[in-house]
Number of protein chains: 2
Amino acid sequence: MKTYTYNHPHPAVTTDCVIFGFDGEKLKILLIERGVAPYKGCWALPGGFLKMEGENKDRDALDCAKRELQEETGLSNVYIEQLQAFTASNRDPREWVITIAHYALVRISEVKGGDDAARAEWKDLDNLPALAFDHQQIVDFAVKRLREKLRFEPVGFDLLDRKFTMTTLQNLYEAIMGVKYDRRNFSKKMLYLGLVERLDEKVTGAPNKAPYLFRFNKERYEELKIKGVKIDF
Amino acid sequence: MKTYTYNHPHPAVTTDCVIFGFDGEKLKILLIERGVAPYKGCWALPGGFLKMEGENKDRDALDCAKRELQEETGLSNVYIEQLQAFTASNRDPREWVITIAHYALVRISEVKGGDDAARAEWKDLDNLPALAFDHQQIVDFAVKRLREKLRFEPVGFDLLDRKFTMTTLQNLYEAIMGVKYDRRNFSKKMLYLGLVERLDEKVTGAPNKAPYLFRFNKERYEELKIKGVKIDF
DNA sequence: TTCCCTCTGCGTTTTTTTTACGCATAAATC
DNA sequence: GATTTATGCGTAAAAAAAACGCAGAGGGAA
């Protein structure tokens, strides 16, 4: 068996990814049921070791996280960003394993089971099973970061389908921020900022007035981002 | 020579720290002139390898960064936080070296030369020398983070002396955010929020009306932080 | 001393943004 | 056709932000 020798001790390095999705009502994350020790049978974030050699080795941690994400969801062009490293020396019982945590925003509807789909499952964020390692801590951190991000960027771009109702968008905001907004003021602000534009389509089927569909205005969003506007409630 | 052997390749791991200081006018960071290759003679962020063994080995990356900070500034109870990991496989010519970047806020007046002070120097943030490795990128990232932080927390707590004038506080805000505020509105808001309180002391010496001194109200600050108030302009 | 320059402290007014809430209406159910 | 439910559009009050006026202290210069 090939071995690798250094003059100083080196920690192992993995990446993990908190993959957020939204089903129209609740915020969810994609978890994997571990098939091997440690924490066998526990649910865990998708992740794996940094690939430092071989044909398609990783050039950096983001590369590695994207590879894991692709394997698990089949998606390759999604929003993904590094959270931070989790480095406690005892976080893995085997050896000192540093993990570089990331988070991604995906459309649940676009996710197809990955290479080993059988063990991947969307779980409600507000009702997670016990997680392996320090993954609960990572998830908490990711939620905190997502909330901060939402104050400056409409993350709905990446979590919602192209067309959506105003109520769905508001549900998303409320699910992420954990608070309630006034329906009329929410709509007014979204429209006023120009972030969403109304389509001439409506959704029927529900026992109420048929709501319009909306879509994001990417140009307007880029414009606001440069100006540094806060998209805040 | 002792060696360390693994079944998979492991990257080396360091921590680096962007140490911010404020001299009343400009934002500064503490840099070290490198005495050894690579980048010998270049300026670099204080940092070093994760200590994985020995008597006082690090328990995590933060531990390591604090140790470096203490060595360089003599300070041990300062604000320090992880930024994120920088992981490009080619960022160090020697081998794959991941660095976990941190940033710290210190009072320049409290910093005494560290163990190897001769090579440490405060540099104006807006006029940095060429930096080693990807350290310029790390600094840029740290500034970005500091700006975000300032929107929700009065970082002056950690960067200013206990007593300061309103103008000094405003200078700090302007130095960090890179914009100008109206003097009267700035003061009004700070006082209105209750974050600072006026003392009965004034500063004489300058050819103008003697300004009052102020100090932070820590209790009020904690109160606002829990309520999630944005301290924003 | 007196004039002058600078920056401070304490205002006011205007504009913009946020918050609170009223009400008629369309779609489905009974 | 009546009822229920959530939608679309609107207004008024409250709060926050932005713009700006002005007298005054403290030192320097004539």
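Because the structure is predicted, anything quoted here is derived from the model rather than measured.
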Participant: Can a salt bridge be assigned to the pair Glu110(A) and Arg162(A) using a cut-off of 4.0 Å between side-chain N and carboxylate O?
Facilitator: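 Judged by the 4.0 Å cut-off on N to carboxylate O distance, Glu110(A) and Arg162(A) do form a salt bridge.
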Participant: Pull out every protein N or O sitting under 3.5 Å from an N or O of nucleotides 21-25 of chain D, one pair per line with the distance.
Facilitator:
from, atom 1, to, atom 2, distance (Å)
dG21(D), N7, Arg184(B), NH1, 2.7
dG21(D), O6, Arg184(B), NE, 3.4
dG21(D), O6, Arg184(B), NH1, 2.8
dA25(D), N3, Lys209(B), N, 3.2

Participant: Which residues pass the side-chain contact (heavy atoms from CB on, under 4.5 Å) test with Lys218(B), sequence neighbours left out?
Facilitator: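 Result, side-chain contact (heavy atoms from CB on, under 4.5 Å) vs Lys218(B): Phe157(B), Glu222(B).
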Participant: Within a strict 4.5 Å, meaning less than it, do heavy atoms of the Leu128(B) and Ile29(B) side chains meet?
Facilitator: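 Counting from C-beta outward, Leu128(B) and Ile29(B) do come under 4.5 Å.
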Participant: Should the pair Lys144(A) and Phe141(A) be classed as cation-pi, given the thresholds of under 6.0 Å to the six-membered ring centre and 45° from the axis?
Facilitator: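 So Lys144(A) does make the cation-pi contact.
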Participant: Within a reach of under 6.0 Å around NZ of Lys26(B), are more than 12 heavy atoms found that belong to other residues, nucleotides or ligands?
Facilitator: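 Open.
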Participant: Apply side-chain contact (heavy atoms from CB on, under 4.5 Å) to Arg183(A) and list each qualifying residue two or more places apart in sequence or on a separate chain.
Facilitator: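 So Arg183(A) forms a side-chain contact (heavy atoms from CB on, under 4.5 Å) with Gln170(A).
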Participant: With nearest nucleotide decided by heavy atoms, which residue, Thr204(B) or Pro211(A), maps closer to the 5′ end of DNA chain D?
Facilitator: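 Nearest-nucleotide comparison on DNA chain D picks Pro211(A).
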Participant: Rounded to the nearest Å, what distance is computed from the CG atom of residue Asp182(A) to the C1' atom of nucleotide dA15(D)?
Facilitator: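 Checked: the CG to C1' distance equals 16 Å.
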Participant: Take the protein atom CG of Leu199(A) and the nucleotide atom P of dT7(D), then report the distance between them rounded to whole Å.
Facilitator: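 So the CG-P distance, Leu199(A) to dT7(D), works out to 16 Å.
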Participant: Quick check: do Met177(A) and Arg151(A) have side-chain heavy atoms less than 4.5 Å from each other?
Facilitator: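 The answer is yes, as the side chains (C-beta and beyond) meet within the 4.5 Å cut-off.
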Participant: Under a 4.0 Å heavy-atom cut-off, which of residues 165-176 of chain A touch DNA chain D?
Facilitator: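 Contacts with DNA chain D under 4.0 Å: Thr167(A).
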Participant: Round to the nearest Å and state the distance from Leu213(A) atom CG to dT7(D) atom C1'.
Facilitator: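 Result: 13 Å.
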Participant: Look at the rings of His135(B) and Phe133(B) and say which category their plane angle falls in: under 30° parallel, 30 to 60° tilted, over 60° perpendicular.
Facilitator: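 Aromatic pair His135(B)/Phe133(B) classed tilted.
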Participant: Between residues 188-198 of chain A and DNA chain D, which residues have a heavy-atom gap below 4.0 Å?
Facilitator: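 Per residue number, the list reads Lys188(A), Arg198(A).
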Participant: Atom CG of residue position Asn77(B) - does it have more than 12 heavy atoms of other residues, nucleotides or ligands inside 6.0 Å?
Facilitator: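 Atom CG in Asn77(B) is not crowded, with 12 or fewer foreign heavy atoms closer than 6.0 Å.
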Participant: Atom CD of Glu201(A) and atom C1' of dT7(D): how far apart are they, to the nearest Å?
Facilitator: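 Taking CD of Glu201(A) and C1' of dT7(D), I get 17 Å after rounding.
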Participant: Here's one to test your reading of the geometry: is the NZ or CZ of Arg34(A) within 45 degrees of the ring axis of Tyr39(A) and under 6.0 Å from its centre?
Facilitator: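 Judged by the rule (NZ or CZ under 6.0 Å from the ring centre, within 45° of its axis), Arg34(A) is not positioned above Tyr39(A).
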Participant: With a 4.0 Å cut-off on N to O distance, would you call Arg220(A) and Glu197(A) a salt bridge?
Facilitator: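 No salt bridge links Arg220(A) with Glu197(A).
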Participant: Using side-chain heavy atoms (C-beta onward) and a distance below 4.5 Å, is Leu69(B) in contact with His102(B)?
Facilitator: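 Of all side-chain heavy-atom pairs linking His102(B) with Leu69(B), none is under 4.5 Å.
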Participant: So Thr165(A) and Leu213(A), do their side chains get closer than 4.5 Å, heavy atoms only?
Facilitator: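 Yes. Closest side-chain heavy atoms under 4.5 Å.
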Participant: How would you give the extent of chain A contacts on DNA chain C, as first and last nucleotide 5' to 3' within a 4.0 Å heavy-atom cut-off?
Facilitator: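 Nucleotide range with atoms under 4.0 Å of chain A: dT17(C) to dA28(C).
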